[in-house]
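Predicted, not measured: the structure shown is a model, and the values here were computed from it. Worth knowing before you read on, the calculation uses all heavy atoms, side chains too, and leaves out hydrogens, waters and symmetry mates.
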Amino acid sequence: MSSHAAHRATERAGKRSVSLAQSLIKEVEERTGKNGFSSVVAEALEEWLAAQKLREVVAADRKTFGPVSAEARRQAEQEW
């Protein structure tokens with residue numbers, strides 16, 4: 001568990017009301033039970049937030065330095 005995730009585990013929980021498709025709720029509960037539902041939602045939101053932050057970094061980088069050149073992309077693909 002990352003230190004960030006460990007911090008969240010000890011952080012006081014808050015409540016929000018969300019509306020979800022019944023089929024989605026049913027599928028999640030079939031896999032986790034009713035007690036695991038909140039942790040699945042929290043994990044999904046943490047993944048979404050990390051992706052959003054990455055998009056913001058990439059957008060700021062593009063604004064500062066411009067798009068990645070075709071040559072730089074080719075070089076990265078070769079090294080990958």
Side-chain angles (χ1 to χ4, degrees):
M1 182 183 304
S2 71
S3 62
H4 183 61
H7 172 72
R8 288 210 191 269
T10 60
E11 187 177 352
R12 186 172 177 201
K15 289 192 173 204
R16 292 291 182 266
S17 176
V18 297
S19 298
L20 303 168
Q22 287 291 327
S23 60
L24 182 60
I25 294 169
K26 182 180 176 189
E27 274 195 74
V28 172
E29 287 183 348
E30 285 173 355
R31 288 168 173 79
T32 66
K34 290 186 180 195
N35 293 333
F37 195 89
S38 290
S39 63
V40 168
V41 172
E43 182 180 335
L45 287 173
E46 285 198 3
E47 289 178 12
W48 176 85
L49 189 56
Q52 287 298 112
K53 289 176 180 180
L54 181 57
R55 286 183 192 98
E56 291 168 6
V57 168
V58 169
D61 188 69
R62 283 185 178 151
K63 185 176 182 179
T64 301
F65 301 106
V68 176
S69 70
E71 178 57 33
R73 189 179 304 266
R74 276 193 297 276
Q75 183 179 353
E77 288 172 353
Q78 286 175 353
E79 293 177 11
W80 186 265

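No more than 12 heavy atoms of other residues, nucleotides or ligands shown are found within 6.0 angstrom of CD on Gln22.
For the atom pair Arg12 CZ and Thr10 OG1, the distance stands at 13.5 Å (nearest 0.5 Å). Separating the CD atom in Glu29 from the CG atom in Leu24 is a distance of 10.0 Å, to the nearest 0.5 Å. In this structure, CD on Gln75 lies 6.5 Å from CD on Glu71, to the nearest 0.5 angstrom. Summarising the geometry, atom NZ belonging to Lys26 is positioned 15.5 Å from atom CG belonging to Leu20; distances are rounded to the nearest 0.5 Å. Atom-to-atom distance recorded for Ser38:OG and Leu45:CG is 10.5 Å, nearest 0.5 angstrom. Here CD of Glu79 is found 13.5 Å from CZ of Arg74. Values are rounded to the nearest 0.5 Å.
A donor-acceptor pair is defined here as one N or O able to donate and one able to accept, closer than 3.5 Å; such a pair exists between the side chain of Ser39 and the backbone of Gly36.
Follow the hydrophobic side-chain contacts under 4.5 Å out from Val18 and you reach Val28 in the same cluster. A continuous path of ILVMFWY side-chain contacts below 4.5 Å connects Val41 to Ile25, so both sit in one hydrophobic cluster.
Classification of Glu77 and Arg73 as a salt-bridged pair fails, no side-chain N sitting under 4.0 Å from a carboxylate O. Salt-bridge annotation for Lys53 and Glu56: absent, with no side-chain N of the basic residue lying under 4.0 Å from a carboxylate O of the acidic one.
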